[in-house]
Amino acid sequence: MEIERKFLIKALPAPLSSFPKKRITQGYISRSPAIRVRDTDGETRLTVKGKGKLAHEEFELEITREAYDRLLKKAEGIIIQKTRYLIPCPPYTVELDVFEGELSPLTVAEVEFPTVEEAEAFSPPEWFGREVTYDKRYSNANMTINGRPETL
């Protein structure tokens, strides 16, 4: 089970270069159910996500580079490229995604939680902006087809 909240941000926490980062390239083979292939710094995975916004089932499987390359060619729409910064927000970690290409200048912060109760009780830091957890326009799968939402 993955439990997460998603936010736009008002301002980047400075300096981003002081935080660990990962380069991510991903494509969606299907949006319903969401089936994604992702390369994170050379590690390749296939992910299937269940329905739900705040909480949903998620299954990941490590795949070979060859399988990833074949599956990525079957992806629908935009191939997402982003840099993910890992920012401490004790007791959690903020995953700050800075999108590139067609989805730039979108920047989204996600926080994962062990329980729905903790997710609902979370008070976001001041640098977070509007919550978009329940706004389907900001799902990665949706953005591959519809592009970056007009309202940032």
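Residue numbers run from 1 in the order of the sequence given.
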For the hydrophobic clusters of this structure (ILVMFWY residues joined by side-chain heavy atoms under 4.5 Å, transitively), does one cluster hold both [X] and [Y]?
| X | Y | result |
| --- | --- | --- |
| L103 | I79 | no |
| I145 | V132 | no |
| Y68 | F59 | no |

Under 4.0 Å between a Lys/Arg side-chain N and an Asp/Glu carboxylate O for [X] and [Y]?
| X | Y | answer |
| --- | --- | --- |
| E131 | R5 | yes |
| D69 | K73 | no |
| K6 | E4 | no |

What verdict does the side-chain contact (heavy atoms from CB on, under 4.5 Å) test give for T47 and I35, after you've listed the backbone C-alpha separation in whole Å, the side-chain angles of each residue and the deciding distance to 0.1 Å? CA-CA 6 Å; T47 304; I35 302 174; over 6 Å; no
Who passes ring-ring contact (aromatic ring centres under 6.0 Å, His included) against F128, sequence neighbours left out?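 Expected list: F7.
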Within the 4.5 Å heavy-atom criterion, are [X] and [Y] side-chain neighbours or not?
| X | Y | result |
| --- | --- | --- |
| V94 | L86 | no |
| Y92 | P114 | yes |
| L12 | L96 | yes |
| T107 | D97 | no |
| R148 | S104 | no |
| D39 | L72 | no |
| V37 | I63 | yes |
| M143 | F99 | yes |

Considering all heavy atoms of both residues, which atom of R130 and which atom of Y138 are nearest to each other, and what is their separation?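 In terms of heavy atoms, the two residues are closest at NH2-OH, 3.4 Å.
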For residues 18-33, please give each side-chain donor-acceptor pair under 3.5 Å, one per line with the distance, not counting sequence neighbours.
unit_1, atom_1, unit_2, atom_2, d
S18, OG, P15, O, 2.8
R23, NH1, K82, O, 3.2
R23, NH1, T83, OG1, 3.1
R23, NH1, E100, OE1, 3.3
R23, NH1, E100, OE2, 2.5
R23, NH2, E100, OE1, 3.3
Q26, OE1, R38, NE, 2.7
Q26, OE1, R38, NH2, 2.7
S30, OG, S32, N, 3.3
S30, OG, P33, O, 2.7
R31, NH1, N142, OD1, 3.4

Just grab all the salt bridge (Lys or Arg N to Asp or Glu O under 4.0 Å) pairs involving residues 85-96, residues at least two apart or on different chains.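 Counting only pairs at least two positions apart or across chains, the salt bridge (Lys or Arg N to Asp or Glu O under 4.0 Å) contacts touching residues 85-96 are R84-E95.
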Evaluate the criterion side-chain contact (heavy atoms from CB on, under 4.5 Å) for residue pair L46 and E62; output intermediate values, then yes/no. CA-CA 6 Å; L46 172 82; E62 189 172 333; over 6 Å; no
At what distance, to the nearest 0.5 angstrom, does [atom1] of [X] lie from [atom2] of [Y]?
| X | Y | atom1 | atom2 | answer |
| --- | --- | --- | --- | --- |
| E43 | T40 | CD | OG1 | 6.5 Å |
| W127 | I9 | CH2 | CD1 | 6.0 Å |
| T93 | I87 | OG1 | CD1 | 10.0 Å |

Any chance the side chains of R65 and T44 put a donor and an acceptor closer than 3.5 Å?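 There is no such pair (donor and acceptor under 3.5 Å, judged by atom type) between the side chains of R65 and T44.
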Would you say that more than 12 heavy atoms from the other residues, nucleotides or ligands in this model lie under 6.0 Å from the NZ of K10, or not?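 Atom NZ in K10 is crowded, with more than 12 foreign heavy atoms closer than 6.0 Å.
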Can you confirm whether more than 12 heavy atoms, excluding those of E102, are under 6.0 Å from its CD atom?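 No.
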side-chain contact (heavy atoms from CB on, under 4.5 Å) between R36 and K49: does it pass, once the steps are laid out? CA-CA 8 Å; R36 171 186 79 202; K49 292 186 173 206; 3.5 Å; yes
